[in-house]
Amino acid sequence: MKKTILFFLIVLLAFPFPVSAESNIYDLDEMGLQVAIPSEFSVITRDTSASDPIFSNCRTTKSAVIDQFEASGIYLNAISPSFTEEIVFTMTESSLDNFAALSDTMLNITITSLKDQFSAYGFNVSKHEVYHHAQTKFVKMYFSDSANTVHGLQYSTVYCGKAMNFTMRSYSGSLSSEQEATIQQIVDCILFDSPFSASTPTEQTDGFVYTDPQREVTFCLSSSWKEEPLSKDRQFLDAKFISTQDTGCSILYGSTDIWSQMSVAERSGSSREEMNNSAFTRLDIAQAFDIPLSDVSIASYNGVEYFAIQANVSSNVYGLDLSLDMTQLLYFDDGWMYTFQFSGTDTHILYSDFEALLESVEYPAVSIIPEATATAPTIPETIATVAPPSVTEGGADSKLPEAVPAQTKSSDSSSPVLILIILGILAIAFVAVILHRAKAANAEFLDDVPPVSNATVCKNCGQPLPSDSAFCHKCGTKIY
C-alpha cells in the first residue's frame, strides 16, 4: 500500500490535478461492477493501460504495480490531490452468496468476524452499522490504527460470492464529513452487473395488541411481527415477538415482582409503592449489568422514563466467536420491574417498530398483586449470596455503595437488597435467556451459509467453507 501511495505522490507532485465536481466512470469487470470516482482523484485499476504516463512518471511498470495489486486483492486505488486521503477497492472469494439475503440482525452478528480481521491488522473498529444500497447491503465500519495515524471508513459487502471492501482512508486525522460523504456517494453509485434474485417473499402479518394477562400491561405490535412461544427456561420473561421481515430480530417482554422476593425483614421501613424508578440510579443499573456507566441512559416514551441499556451478547458457535449489540429498557413501578429487549441498536432498520411499541405501552393504574405472592418468600440463596460487581465510574475499583441514593430516607435501608435481587434476576433474564436466544439466532445464521456443516468448518480458524473445499481459503489449512 505504501508503495502505491508513493507512486501517486510522485505523479501528483509533477502533474497537479484540478479539483472538479465531475466524475469518471470505471468498469471493474472482475468485481462485476461499474463505479464513478470524482475526477479530482488520480485512479489506477488493473485495466489501466501500460502506456499510461502514470507508470513512466513513477519510473515503474504496470506489471510491478499489478503484482502488488494481486498480492493485496486490490482492484482500484485512488488518491486525492492533497495526498492525505486514499480510496481502495478490494475483493476476494466468499463462501457466502449475498449480504442482501441476510437480515440486518444476522449481518450485525457477522460483524464480529469482520472486526476480528481489523484487529489482526492492528486496527480498532469504533462504530459500525448496516447500510442499505439499492442492490445489496453493506456493513459500514469506522476504524483507526493503534498509532492514531490512519482513520478510515469501510463499506463491506458480499455479492454473487465475492467479498468486497470499499474504503476511504485518511492520513491527516479523523475523517471529515466531506470524506464520509465522498465514499458514501461512491458506494451509492455502484452498479453491479448481475441483478440479485430476491428470496421467497416474507410472511405478511397484521399489527395487533398484546395484553399481559397477569399485569394487564398492553402495547401494540406493528405489522410484520408475530408472537412466538417462549421456551420453558424463560421464567422471567413473558412474551417473545419475532419479525417476519428480518430473520433473528426479536422483541422480548417481561415483568417481575421484585417486592414479593423480599422477606418481611428486608421490607422493613419501606413500602411497595416506594419501589419505583426513583429508588435506583444509572450507576445502580450499570453495576447490576457490570457495564460502563456510559452504556446506561434515560429514555422517555409515552410519558414513562426507562433505564436504557446498550449491551453486547457474545457466544461461540462452531468455533466462531459471534456477538450482537442489543438494547434493553427497564421500568420500575409499585415493586415490579418491567423489561423490553430488542435485538439491535437504534441503527437497526426495525428500531422504529420497537420505539412505536414503547410509545403504545399502557401500565396498570393500580397495583395488581397475585394471591400466590401475598406471602413474602425469602430471597433465594443463589441471589442473596451474589457479591455486587465493580463499575467503571470513579475508577475500576469503585464498589456498590452501602445505601443507594433515593428520594425517600426510608428506602435507603432496602436498596442494597433490591440491587442484589435485580442483579440475580437480570443475570438470569438477560444473560441466560438473551444469550440463549442469541445462540439460537447464530445457529440460524449458520444455516443460511450454503453449504456449511460441522464437517466443512475449518478446524484451525473456524471459517465456514463450501462442502467441497480441500483447503481453507482464509488460513490455508488442508480440510481433507
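We find the OG-CE distance between S176 and M168 to be 7.5 Å, quoted to the nearest 0.5 Å. Distance check, rounded to the nearest 0.5 Å: CD of Q204 to OG of S223 gives 7.5 Å. Atom CG of D353 sits about 11.0 Å away from atom CG of L358, to the nearest 0.5 Å. Atom CE of M91 is separated from atom CG of L33 by 9.0 Å, given to the nearest 0.5 angstrom. Distance check, rounded to the nearest 0.5 Å: CG of L350 to OG of S343 gives 8.5 Å. Note that the SG atom of C249 and the CD1 atom of I251 stand 6.5 Å from one another [nearest 0.5 Å].
Under the 3.5 Å distance criterion, the side-chain polar atoms of S103 are matched with a main-chain donor or acceptor of T247. Listed for the R282 side chain is a donor-acceptor partner under 3.5 Å among the backbone atoms of V296. For the pair Y159 (side chain) and M31 (backbone), a donor-acceptor distance under 3.5 Å is absent. Put simply, the side chain of D246 gets close to the backbone of T105: a donor and an acceptor are under 3.5 Å apart. A donor-acceptor pair under 3.5 Å is absent between the side-chain atoms of T256 and the main chain of I258, judged by distance alone. Here the side chain of T327 pairs a donor or acceptor atom with the backbone of G344 at under 3.5 angstrom. Between the H133 side chain and the I190 main chain, a donor and an acceptor come within less than 3.5 Å of each other.
By the ring-ring contact (aromatic ring centres under 6.0 Å, His included) test, Y75 pairs with no residue at all, sequence neighbours left out. Under the rule for a side chain to side chain donor-acceptor pair (under 3.5 Å), S119 has no partner lying at least two apart in sequence or in another chain. Residues meeting the side chain to side chain donor-acceptor pair (under 3.5 Å) test with E355, sequence neighbours left out: Y301. In this view, N165 and T90, Q154, S156, T167 satisfy the side chain to side chain contact (heavy atoms under 4.5 Å, CB included) rule, not counting sequence neighbours. Shown here are the side chain to side chain contact (heavy atoms under 4.5 Å, CB included) partners of A134, two or more places apart in sequence or in another chain: there are none. Here Y351 pairs with F342, F354 under the ring-ring contact (aromatic ring centres under 6.0 Å, His included) rule; sequence neighbours left out. For Y131, the ring-ring contact (aromatic ring centres under 6.0 Å, His included) test picks out Y155, with sequence neighbours left out. With sequence neighbours excluded, no residue satisfies side chain to side chain donor-acceptor pair (under 3.5 Å) with D333. D206 pairs by the side chain to side chain contact (heavy atoms under 4.5 Å, CB included) definition with nothing, not counting sequence neighbours. Under the side chain to side chain contact (heavy atoms under 4.5 Å, CB included) criterion, T218 pairs with V209, T211, E362, sequence neighbours left out. Among residues two or more places apart in sequence or in another chain, the side chain to side chain donor-acceptor pair (under 3.5 Å) test is passed with D145 by T149.
A donor-acceptor pair shorter than 3.5 Å can be found between the side chains of Y171 and E86. With no hydrogens or angles considered, a side-chain donor-acceptor pair links D284 and T281 at under 3.5 Å. Side chains of N124 and S146: a donor-acceptor N/O pair is absent below 3.5 angstrom, by distance only. Looking only at atom types and distance, the side chain of Q328 has a donor-acceptor partner in the side chain of T339 under 3.5 Å away. No donor-acceptor contact under 3.5 angstrom links the side chains of D325 and H348, judged on distance only. Y363 and R215 share no side-chain donor-acceptor pair at under 3.5 Å. No hydrogens or angles considered: nothing links the side chains of Q34 and D193 as a donor-acceptor pair under 3.5 Å.
I186 places a side-chain heavy atom less than 4.5 Å from the side chain of V35. Looking only at side-chain heavy atoms (C-beta outward), V217 and V361 come within less than 4.5 Å of each other. Between D334 and E273, some side-chain heavy-atom pair lies under the 4.5 Å cut-off. Residues S222 and L357 have side chains not in contact (no heavy-atom distance under 4.5 Å, counting atoms from C-beta outward). In this structure, the side chains of Y253 and L237 stay at 4.5 Å or more apart for every pair of heavy atoms. Put simply, the side chain of T244 reaches to within 4.5 Å of the side chain of K226, judged on heavy atoms. The shortest side-chain heavy-atom distance between I37 and Y26 falls under the 4.5 Å cut-off.
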For residues 135-142, tabulate all N or O donor-acceptor pairs below 3.5 Å that involve a side-chain atom, not counting sequence neighbours.
{"unit_1": "Q135", "atom_1": "OE1", "unit_2": "F192", "atom_2": "N", "d": "2.8"}
{"unit_1": "Q135", "atom_1": "NE2", "unit_2": "F192", "atom_2": "O", "d": "3.3"}
{"unit_1": "T136", "atom_1": "OG1", "unit_2": "N98", "atom_2": "OD1", "d": "3.1"}
{"unit_1": "T136", "atom_1": "OG1", "unit_2": "T157", "atom_2": "OG1", "d": "3.4"}
{"unit_1": "K137", "atom_1": "NZ", "unit_2": "L102", "atom_2": "O", "d": "2.9"}
{"unit_1": "K137", "atom_1": "NZ", "unit_2": "D104", "atom_2": "OD1", "d": "2.9"}
{"unit_1": "Y142", "atom_1": "OH", "unit_2": "E180", "atom_2": "OE1", "d": "2.9"}

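Shortest non-hydrogen contact noted between C220 and S360 is N-OG, 2.8 Å. Among all heavy-atom pairs drawn from S255 and D212, the shortest one is OG-OD2, 3.3 Å. Across all non-hydrogen atoms, the minimal contact from A78 to V43 is CB-CG2, 3.6 Å. Taking both residues in full, the closest heavy atoms of V125 and H128 are given as CG1-CB, 4.5 Å, listed atom of the first, atom of the second, then distance. Taking both residues in full, the closest heavy atoms of K240 and S250 are given as CE-CB, 4.2 Å, listed atom of the first, atom of the second, then distance.
Exactly one of Y306, F307, F332 qualifies for a ring pair (Phe, Tyr, Trp, His ring centres under 6.0 Å) with F280. That residue is F332.
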| field | Derivation of the side chain to side chain contact (heavy atoms under 4.5 Å, CB included) call for S270 and M275 | value | CA-CA 8 Å; S270 300; M275 298 301 101; 4.2 Å; yes

| L330/I285 under side chain to side chain contact (heavy atoms under 4.5 Å, CB included): CA gap, chis, key distance, verdict | CA-CA 9 Å; L330 301 177; I285 303 303; 4.2 Å; yes

| field | Derivation of the ring-ring contact (aromatic ring centres under 6.0 Å, His included) call for F340 and Y331 | value | CA-CA 9 Å; F340 293 89; Y331 172 58; 9.3 Å; no

| field | Step-by-step side chain to side chain contact (heavy atoms under 4.5 Å, CB included) determination, F143 to L153 | value | CA-CA 6 Å; F143 65 90; L153 173 55; 5.8 Å; no

| Given the rule in the side chain to side chain contact (heavy atoms under 4.5 Å, CB included) test, do I309 and I291 qualify, once you have shown the distances and angles that lead to the verdict? | CA-CA 9 Å; I309 302 160; I291 58 177; 3.5 Å; yes

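The aromatic rings of F241 and F208 sit tilted relative to each other, their planes meeting at an angle between 30° and 60°.
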